[in-house]
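Residues: numbered from 1 along the sequence shown. The basis for the numbers below is simple: all heavy atoms, side chains too, and nothing from hydrogens, waters or symmetry mates.
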Amino acid sequence: MMDDRARFHAVMDYAPVDRVPLHLAGPWEDTVRRWEREGLPAGVDPHVQLGVESRRLKVHNFGYAFGLWPRFEPRVLERTTEYTVTIDAAGRTVRNFNDHTSMPEFLKQPVSSPAELRRILDEHLDPARMAERFPAELRGRLEAATARGELLMVNGGGFYWTLRELAGVDGAGYLIYDAPELVGELFDRLEEQILEGWRRIAEWKLVPDVVGYGEDIAFKTGPLVSPEWVRREILPRYRRILAAAHRLGVRHTWYDSDGDLSLLLPDFLEIGIDGVSPCEVAAGMQPNRLRHEFGRALRLIGGVDKRELARGRAAIDRELERLRPVIEEGGYLPAVDHSVSSDISWSDYQYFVEQLQRYLER
């Protein structure tokens with residue numbers, strides 16, 4: 001009997017498998033509230049209620065304190081009946097609506113100048129505090145997760161993510177142009193953290209399954225930064241990190257970014273990044289097209305158009321049937337192409353999960 005770790009590797013290697021792992025995205029808070037009005041028992045996890053929690057693919061992230069350390073202390077600045085303004089753990093001033101889920105409105109970033117980036121580097125990215133990023137109980141948590149058969153994902157990169165988190169999309173662009181040396185120093189310190197994570201994995205003699213990246217480096221029509229800049233500033237770091245992963249026998253990657261990554265994919269494949277998620281269909285990252293364009297070298301995760309789930313059962317049937325060839329070929333874990341939005345009814349989501357399981361059986 002295969003466990004989900006074995007199933008994951010078999011699917012990504014185009015090898016025989018009893019069933020494709022069930023990878024289910026999480027619902028928004030608004031979505032859960034709607035489902036509770038439509039019959040989901042209050043306070044019950046939707047996937048527990050559907051009886052599929054034990055079949056879900058469990059992915060355990062290494063979980064050290066990557067990026068800023070210490071993080072900012074979150075605090076509320078203003079609360080009205082309509083919205084709440086807070087400073088979050090990344091130091092950003094954000095506004096969130098109280099009555100529904102949405103992306104936060106970013107009112108102010110912690111970095112708006114080279115001088116502020118210099119301060120962040122000194123106060124929140126001090127290499128001398130590296131040991132604090134790895135709590136004493138971390139090794140035990142990882143060993144327990146792998147003993148449970150969960151996939152162990154170890155960080156391979158969050159370079160642009162961290163820069164954008166600090167400065168926003170526009171601010172990141174200005175810093176890339178105005179302060180390239182400081183941006184390079186930021187990336188050097190992030191790379192040092194990542195390589196220390198791989199060093200500890202090797203020391204603890206754990207066997208990771210996949211290299212994970214969280215970058216959100218693209219939007220609907222293409223990358224947020226030029227491919228030339230990515231090749232110059234980020235790909236060499238990815239190469240060094242992948243070399244550390246390959247020494248431990250890791251073969252597959254899970255590159256998470258919204259938007260259209262198409263312009264970056266040839267470079268990613270060339271250095272060994274072979275898996276992308278969530279394959280956002282609204283941005284053109286349709287799995288059938290990607291498989292046709294990039295072949296079996298590119299593994300895919302996601303790619304189920306959430307908009308179709310909101311259109312009812314006939315649309316769900318069409319969506320899964322559209323994806324059938326890629327599911328059957330392998331190298332693909334179908335899943336909703338991000339979170340499950342609140343325009344999807346409880347009845348239709350139940351139907352989707354039932355039908356998806358049928359398609360995953362081999």
Side-chain angles (χ1 to χ4, degrees), residues 11 19-57 59 97 99-103 218-221 256-262 276-293 299-362:
V11 169
R19 62 175 174 82
V20 178
L22 182 63
H23 181 46
L24 295 170
W28 293 353
E29 290 182 15
D30 281 5
T31 310
V32 173
R33 288 198 291 268
R34 172 182 175 169
W35 290 352
E36 289 175 347
R37 293 193 299 271
E38 295 175 345
L40 173 67
V44 175
D45 184 283
H47 299 119
V48 171
Q49 179 67 16
L50 293 177
V52 297
E53 182 61 26
S54 63
R55 292 195 60 180
R56 291 181 72 187
L57 179 67
V59 181
F97 291 104
D99 62 350
H100 65 273
T101 306
S102 68
M103 284 290 293
F219 69 123
K220 185 172 183 179
T221 59
D256 190 279
S257 177
D258 295 339
D260 184 0
L261 289 172
S262 298
V276 294
S277 168
C279 298
E280 191 176 5
V281 179
M285 293 284 285
Q286 206 271 80
N288 304 62
R289 180 190 74 81
L290 293 170
R291 179 57 51 80
H292 175 75
E293 185 171 348
R299 279 71 169 183
L300 307 164
I301 302 161
V304 176
D305 191 342
K306 68 173 73 65
R307 299 170 300 177
E308 295 303 313
L309 271 61
R311 294 180 176 130
R313 296 189 174 194
I316 292 168
D317 288 340
R318 287 192 299 270
E319 180 68 2
L320 291 174
E321 190 61 26
R322 176 180 67 82
L323 295 168
R324 179 195 291 272
V326 199
I327 296 172
E328 292 181 347
E329 183 180 19
Y332 175 47
L333 295 182
V336 176
D337 59 351
H338 213 287
S339 302
V340 181
S341 51
S342 60
D343 55 354
I344 300 168
S345 73
W346 176 233
S347 174
D348 286 341
Y349 187 71
Q350 291 179 80
Y351 181 78
F352 162 69
V353 173
E354 291 168 1
Q355 295 303 103
L356 177 61
Q357 290 182 90
R358 289 183 52 246
Y359 277 79
L360 299 185
E361 300 294 339
R362 290 290 180 90

Query raised in the report: Has H292 got more than 12 heavy atoms of other residues, nucleotides or ligands less than 6.0 Å from its NE2?
Result: no
Report summary line: Heavy atoms of Y332 and G302 approach each other most closely as OH-O, 2.6 Å
Query raised in the report: About how many Å separate CG of L40 and CZ of R34, when rounded to the nearest 0.5 Å?
Result: 12.5 Å
Report summary line: The ring-ring contact (aromatic ring centres under 6.0 Å, His included) partners of H338 (sequence neighbours excluded) come to none
Query - Residue pair S341 / R307, side-chain donor-acceptor N/O under 3.5 Å - result: no
Requested in this report: Could you give me the CA-CA distance, side-chain angles and deciding distance for S347 and E38, then say whether side chain to side chain contact (heavy atoms under 4.5 Å, CB included) is met?
Outcome: CA-CA 8 Å; S347 174; E38 295 175 345; over 6 Å; no
Query raised in the report: Which value, rounded to the nearest 0.5 Å, describes the distance between Q350 atom CD and R313 atom CZ?
Result: 8.0 Å
Report task. To the nearest 0.5 angstrom, please state how far the CE atom of M285 sits from the OG atom of S257. Result -> 8.0 Å
Query raised in the report: Between the main-chain N or O of T31 and the side-chain N or O of S342, is there a donor-acceptor pair closer than 3.5 Å?
Result: no
Query - CA sep, side-chain torsions, deciding dist, call: F352, I344, side chain to side chain contact (heavy atoms under 4.5 Å, CB included) - result: CA-CA 10 Å; F352 162 69; I344 300 168; over 6 Å; no
Report task. Could you pull out the closest heavy-atom pair between R322 and P287, with the gap in Å? Result -> NH1-CD, 4.4 Å
Pairs under 3.5 angstrom only: tabulate donor-acceptor contacts from the side chains of residues 21-29 to other protein residues two or more places apart or in another chain.
none

Requested in this report: Quick one: do V276 and L300 satisfy side chain to side chain contact (heavy atoms under 4.5 Å, CB included)? Show the steps, please.
Outcome: CA-CA 5 Å; V276 294; L300 307 164; 4.0 Å; yes
Query raised in the report: Do the non-hydrogen side-chain atoms of C279 and I301 ever get within less than 4.5 Å of each other?
Result: no
Report summary line: Tightest non-hydrogen contact, residues D348 and G312, listed as OD2-CA, 3.5 Å
**Report entry** Worked verdict on Q357 versus R55 for side chain to side chain contact (heavy atoms under 4.5 Å, CB included)
**Finding:** CA-CA 10 Å; Q357 290 182 90; R55 292 195 60 180; 2.9 Å; yes
Query raised in the report: If you look at every heavy atom in D260 and A283, which pair is closest and at what distance?
Result: CB-O, 3.3 Å
**Report entry** Polar contact flag, side-chain donor to acceptor under 3.5 angstrom, Y359-E328
**Finding:** no
Query - Under-4.0 Å salt bridge between R324 and E321 - result: yes
Query raised in the report: Roughly how far apart are I316 CD1 and L309 CG, rounded to 0.5 Å?
Result: 4.5 Å
Report summary line: CZ (R299) and CG (L333) are apart, to the nearest 0.5 Å, by 11.5 Å
Query - Any donor-acceptor pair under 3.5 Å from Y349 side chain to A310 backbone - result: no
Query - R289 and S262, any side-chain heavy atoms less than 4.5 Å apart - result: yes
Query raised in the report: Between G303 and V281, which heavy-atom pair has the shortest distance, and what is it?
Result: O-CG2, 3.4 Å
Query raised in the report: Can you tell me if E308 uses its side chain to pair, donor with acceptor, with the backbone of E319 under 3.5 Å?
Result: no
Query - From D337 atom CG to E280 atom CD, the distance as rounded to the nearest 0.5 Å - result: 6.0 Å
